[in-house]
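FYI, the numbering just counts along the sequence from 1. Excluded from the calculations below are hydrogen atoms, water molecules and symmetry mates; all remaining heavy atoms, backbone and side chain alike, are included.
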Amino acid sequence: MIWQFKQILYAAQRRVPLATIADTSNPSVRALLNAHVSGSGSLPPPGAPDEYAALFEAAYPAEKDRRTFIDGMIGGAKPAYGHLALAALFKAGHAHLVWTTNFDHLVADACAQTYGTTKPLSVIALDAPELAAEKINAQQWPIEIKLHGDFRSRRLKNTSDELRHQDAQLRDVFVDSCRRAGLIVGGYSGRDASIMDAFEAALERPGAFPGGLFWLHRGEDEPFDRVTRLLELAHAAGVDCGLVRIENLDEALRDLVRLLPDLDTTALDSLGQKQRWWTAAPALTGKHNWPLVRLNGIEVESIPTNARRIVCGIGGAAEVRDAILAASADLIATRTSGGVIGFGSDQEFRRVFAPFDIEDFDLSVFEDRRLRYDSGERGLLRDALVRGLCRAHGLNAKRRRNIHILAPHNPIDEQWAPLRALVGPVRGQLDGGTVQWREGLGIRLDWADDRLWLLVDPRIDTEDDGSVASRAKAADFARERTARRYNRDADKLIDFWTGLFAGENVRALEIGDGIDASFSLGRRTAFSYRVTP
């Protein structure tokens with residue numbers, strides 16, 4: 001058997017949709033990208049076979065940026081059930097060769113877990129296409145061949161032009177291998193013209209697909225026209241073939257594993273034992289229900305994949321902020337050990353940091369391990385999210401160490417009427433105007449349960465004249481105004497602020513070039529409840 005896999009950028013495993021590259025349902029986003037697609041003048045319609053490649057090329061024209069993006073997306077991914085099932089089939093001799101359009105290392109990782117070593121699997125990418133025929137002819141099974149390149153390779157193929165010029169040597173080996181065995185295609189849509197051309201070229205050879213050609217198709221929608229045409233050509237050529245509808249690839253392989261009793265399922269069993277199964281707590285119904293604790297966190301469901309990175313001679317984070325302020329640039333940036341990272345127009349970045357002798361200009365990937373603590377990367381994300389929330393809701397923001405204080409820019413605006421109904425006046429002054437105050441909130445990002453949360457803390461925002469006396473008056477007023485806000489009132493305030501932000505898709509800058517920051521927020525706050533023994 002020959003297996004082929006395609007899961008674009010492992011979006012499901014990283015909870016990062018393709019909209020990270022471009023929100024294809026958003027007309028303004030498509031219009032911005034259309035203006036930057038060289039030559040064609042427009043992007044293909046949503047769902048078109050070449051949509052993925054066109055979006056990738058428009059978002060990241062430089063090969064170096066595409067490699068950085070892919071590396072960040074799949075660098076921390078772990079083998080799923082399907083990868084371990086394939087490795088078990090390899091070990092039992094039921095499968096020998098996998099052709100993949102993925103860039104990742106997951107098949108190799110699954111084989112390492114199943115075999116206990118990395119030696120058995122031969123991995124061939126675009127850097128060494130001549131090895132493909134040698135390994136197959138020598139039957140040095142198992143073999144994984146990457147038609148679009150390994151993510152560590154410098155020859156990644158993931159744009160329209162690159163896909164149209166698929167490596168000729170690998171294509172010839174693929175066509176030749178189709179005369180030796182059957183082919184099962186799973187988890188692959190049939191988008192790439194070069195690969196579909198190779199399928200059809202294989203059918204022109206006598207004795208193609210002696211073990212049959214079976215295409216596993218997920219969902220009820222019809223496959224792409226190229227897939228339907230391929231199966232029609234195969235049927236006309238007398239090949240045993242068909243479209244097999246499945247729920248998903250993992251479940252299809254699970255059913256296959258159950259039919260083959262001679263498999264080594266040690267790694268699969270281990271995955272089942274390690275897998276954490278949990279479900280979200282159900283929404284409350286009625287007045288009498290189980291006790292719970294209302295939390296003040298909204299899940300940050302998606303964050304930017306990467307930021308612009310600049311290596312130059314500037315100093316620390318304070319110097320970066322000063323340089324941006326001095327240049328009156330609309331940038332959000334900070335300094336990390338890897339260089340200056342941030343969001344904004346590439347032209348603006350070069351203008352601001354050119355005086356500091358730019359040595360490198362590429363992308364920085366946000367890694368989970370750097371978001372688990374109050375790092376520069378997490379601070380940058382908070383700055384960007386705050387910018388987006390302020391733009392969307394007419395708020396002002398102040399930075400206070402690891403939090404931001406937000407308050408209405410125009411407290412008398414009608415949008416703040418629900419807040420006034422809860423707390424009364426939402427602004428005022430003390431001591432003849434030396435202290436100004438507004439109802440507001442503190443927000444910060446925190447890491448829990450392997451994800452980021454936006455924490456909301458209603459509080460009073462004050463401005464004083466800097467004297468010790470006015471500061472004391474401001475602190476006393478804020479303490480007295482909030483001291484009697486017990487659970488019921490605090491819950492209503494949290495509900496107001498989280499309801500204002502929940503379910504939003506936020507963009508920090510709304511720029512048409514460079515790197516912007518996009519966030520998606522959950523639709524309700526977290527809460528805990530007592531589990532009945």
*What is the ring orientation for Trp497 with Trp416, classed by angle as parallel under 30°, tilted 30 to 60°, or perpendicular over 60°?*
tilted
*So is Arg507 actually on top of Phe519's ring, under 6.0 Å and inside 45° of the axis?*
no
*Output yes when Glu439 and Arg481 qualify as a salt bridge under the 4.0 Å nitrogen-oxygen rule, no when they do not.*
yes
*Is Arg451 paired with Glu299 through a side-chain N to carboxylate O contact shorter than 4.0 Å?*
yes
_Donor-acceptor pair, side chain of Asp109 and main chain of Pro79, under 3.5 angstrom_ = no
*Would you call Arg370 and Glu367 a salt bridge, taking side-chain N to carboxylate O under 4.0 Å as the test?*
no
*Could you tell me which residues satisfy side-chain hydrogen bond (donor to acceptor under 3.5 Å, both in side chains) with Thr266, sequence neighbours excluded, listed by chain and number?*
Asp264
*asked:* Between Arg308 and Asp362 (salt bridge meaning N to carboxylate O under 4.0 Å), is one present in this structure?
replied: no
*asked:* Please determine whether the number of non-hydrogen atoms from other residues, nucleotides or ligands lying under 6.0 Å from atom CG of Asp413 exceeds 12.
replied: yes
*asked:* For Ile341 and Thr334: C-alpha separation, side-chain torsions, deciding distance, then whether side chain to side chain contact (heavy atoms under 4.5 Å, CB included) applies.
replied: CA-CA 6 Å; Ile341 61 172; Thr334 190; 3.9 Å; yes
_Salt bridge or not between Asp476 and Arg479? Use side-chain N to carboxylate O under 4.0 Å._
yes
*Rounded to the nearest 0.5 Å, how far does CD1 of Ile143 lie from OG of Ser122?*
5.5 Å
_Spacing of Asp446 atom CG and Leu455 atom CG [to the nearest 0.5 Å]_ = 5.0 Å
*Taking it one step at a time, do Leu121 and Tyr115 satisfy side chain to side chain contact (heavy atoms under 4.5 Å, CB included)?*
CA-CA 9 Å; Leu121 180 69; Tyr115 285 88; over 6 Å; no
*Scan Arg427, Gln436, Lys398 and name whichever one has a side chain to side chain donor-acceptor pair (under 3.5 Å) with Asp461.*
Lys398
*Sub-3.5 Å donor-acceptor pair from the side chain of Tyr188 to the main-chain atoms of Thr101, do we have one?*
no
_With a 3.5 Å distance limit and no angle check, can you tell me whether Lys146 reaches the backbone of Asp104 through a side-chain donor-acceptor pair?_
yes
*Crowding at CZ, Arg523 (>12 non-hydrogen neighbours, <6.0 Å)*: no
*Looking just at side-chain N and O atoms, do Asn306 and Ser364 make a donor-acceptor pair shorter than 3.5 Å?*
no
*Does the distance from a Lys or Arg side-chain N to an Asp or Glu carboxylate O, for Glu480 and Arg485, drop under 4.0 Å?*
no
*Straight-line distance of Leu216 CG to Leu249 CG, nearest 0.5 Å*: 6.5 Å
*Measure from the side-chain N and O atoms of Thr265 to the backbone N and O of Leu268, and report whether any donor-acceptor pair falls under 3.5 Å.*
no
Distance-only donor-acceptor hits, side chain of residues 314-333, under 3.5 Å, sequence neighbours excluded:
from   : atom 1 : to     : atom 2 : distance (Å)
Glu319 : OE1    : Gly316 : N      : 2.9
Asp330 : OD1    : Arg387 : NH1    : 2.8

_Would the distance check show the side chain of Asp516 and the main-chain N or O of Glu510 forming a donor-acceptor pair, the cut-off being under 3.5 Å?_
yes
_I'd like to know whether Arg484 forms a salt bridge (charged side-chain N to carboxylate O under 4.0 Å, His left out) with Asp489, so could you lay out the CA-CA distance, the side-chain angles of the two residues, the decisive distance to 0.1 Å, and finally the verdict._
CA-CA 9 Å; Arg484 296 186 180 274; Asp489 295 329; over 6 Å; no
*Atom CG of Leu106 and atom OG1 of Thr100: how far apart are they, to the nearest 0.5 Å?*
9.5 Å
*ring-ring contact (aromatic ring centres under 6.0 Å, His included): which pairs involve residues 369-406, sequence neighbours left out?*
His393-Phe501
*Mind listing the closest non-hydrogen atom pair of His409 and Pro411 along with its distance?*
O-CD, 3.6 Å
_Please report the interatomic distance OG1(Thr482) to CD1(Ile460), rounded to the nearest 0.5 Å._
6.5 Å
*Run the side chain to side chain contact (heavy atoms under 4.5 Å, CB included) check on Leu445 and Trp453 step by step: do they pass?*
CA-CA 6 Å; Leu445 290 179; Trp453 297 83; over 6 Å; no
